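Computed over heavy atoms, backbone and side chain alike; hydrogens, waters and symmetry mates excluded. Everything numeric here is computed off the predicted structure, so don't read it as measured data.
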Amino acid sequence: MDIHRRYWLRRVPPGALRDYLACPFPAAKTPCASIPFLALDLETTGLDAQNHEILTFGFVPLLEGRIALREARHLLVRPHQAIPPETVVLHGLTDDRSATGDSLESTLPVLLHAMAGRVLLVHYAPLERAFLRQACQRLYGVVPPMLFVDVMALEIRRMQRQNHHPLPGELRLARLRKHHGLPRYRAHNALSDAVATAELFLAQMARQSKPEHAPPLHRLLTW
């Protein structure tokens with residue numbers, strides 16, 4: 001992955017993407033407690049990254065077991081397409097509200113700056129990965145390397161070790177938080193979901209190992 005980063009670093013022009021690529025990723029053997037994470041969640045107009053758009057970015061850093069709420073951001077993105085009524089019911093973002101947001105061209109660089117040198121911490125990585133790749137491809141013509149840790153994937157591994165097969169809905173963020181004794185937050189707000197994901201990860205790590213036995217980065221990554 002770092003070879004991929006250096007490859008593109010030599011080829012992209014100065015700007016937000018190059019600044020992101022200039023920061024090395026944490027080493028594969030980095031202990032869990034020392035990994036610089038950025039908990040991230042997106043709200044979108046739908047689930048297909050090829051045909052739908054990002055509506056909000058919510059993110060917050062997590063380092064050494066602490067969630068840096070002072071550095072949390074919630075960015076509203078102005079879409080080019082009408083928001084389907086069925087998704088408005090979920091996230092509450094209407095066309096009028098989204099029209100007050102900023103363009104993807106001005107918000108994505110803010111996220112890239114926050115992502116630099118950090119591992120993305122998400123709930124269900126395929127969605128965030130697909131939309132971020134599509135956004136970077138659209139704006140820069142490049143899909144940069146990104147490292148993901150997926151709290152859902154970690155939970156599936158835990159269930160598999162216990163020979164447990166998840167029931168429908170059991171892997172939803174709210175259900176996983178309840179399993180780990182965490183309070184319920186409002187769902188489908190990008191920032192609150194990012195904070196909820198960071199808290200769930202801390203609960204997962206506290207439950208599965210003592211701090212001195214916490215897994216290194218390469219055992220947590222989702223490919």
For the pair T222 and V122, evaluate side-chain contact (heavy atoms from CB on, under 4.5 Å) and give the outcome as yes or no after the intermediate values.
CA-CA 10 Å; T222 301; V122 300; over 6 Å; no
Working to the nearest 0.5 angstrom, can you tell me the gap between [X] [atom1] and [Y] [atom2]?
{"X": "R10", "Y": "R18", "atom1": "CZ", "atom2": "CZ", "result": "11.0 Å"}
{"X": "T197", "Y": "L38", "atom1": "OG1", "atom2": "CG", "result": "11.0 Å"}
{"X": "M146", "Y": "M115", "atom1": "CE", "atom2": "CE", "result": "4.5 Å"}
{"X": "L40", "Y": "R129", "atom1": "CG", "atom2": "CZ", "result": "12.0 Å"}
{"X": "L62", "Y": "E71", "atom1": "CG", "atom2": "CD", "result": "11.5 Å"}
{"X": "T44", "Y": "I54", "atom1": "OG1", "atom2": "CD1", "result": "8.0 Å"}

Atom [atom1] of [X]: over 12 foreign heavy atoms under 6.0 Å:
{"X": "R157", "atom1": "CZ", "value": "yes"}
{"X": "Y140", "atom1": "OH", "value": "yes"}
{"X": "R184", "atom1": "CZ", "value": "no"}
{"X": "R172", "atom1": "CZ", "value": "no"}
{"X": "L167", "atom1": "CG", "value": "yes"}
{"X": "L47", "atom1": "CG", "value": "no"}
{"X": "R11", "atom1": "CZ", "value": "yes"}

Ion pair check, E43 and R97, cut-off under 4.0 Å
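No, E43 and R97 are not salt-bridged.
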Would you say the side-chain atoms of E199 pair up with the backbone N or O of L182, donor to acceptor, closer than 3.5 Å?
no
Mark yes or no for whether D150, through its side chain, and Y124, through its backbone, hold a donor-acceptor pair below 3.5 Å.
yes
Decide yes or no for [X] and [Y]: does some side-chain heavy atom of the first lie under 4.5 Å from some side-chain heavy atom of the second?
{"X": "F201", "Y": "L154", "answer": "yes"}
{"X": "R175", "Y": "E155", "answer": "no"}
{"X": "F59", "Y": "L75", "answer": "yes"}
{"X": "L42", "Y": "F57", "answer": "yes"}

Under a plain distance cut-off of 3.5 Å, with no hydrogens placed, do Q134 and R138 share a side-chain donor-acceptor pair?
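No, Q134 and R138 have no side-chain donor paired with an acceptor closer than 3.5 Å.
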Is a donor from one side chain sitting under 3.5 angstrom from an acceptor on the other, for R73 and H113?
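Distance-only check fails for R73 and H113.
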Residues V110, D102; criterion side-chain contact (heavy atoms from CB on, under 4.5 Å); working and verdict:
CA-CA 11 Å; V110 179; D102 294 317; over 6 Å; no
Verify same cluster id: V77, V88 (apolar side-chain graph, 4.5 Å)
no
Identify the heavy atoms of A68 and V60 that sit nearest to each other, and give their distance.
O-CG2, 3.4 Å
L171 and M159: side-chain contact (heavy atoms from CB on, under 4.5 Å), yes or no, with the steps?
CA-CA 10 Å; L171 294 173; M159 291 179 177; 3.9 Å; yes
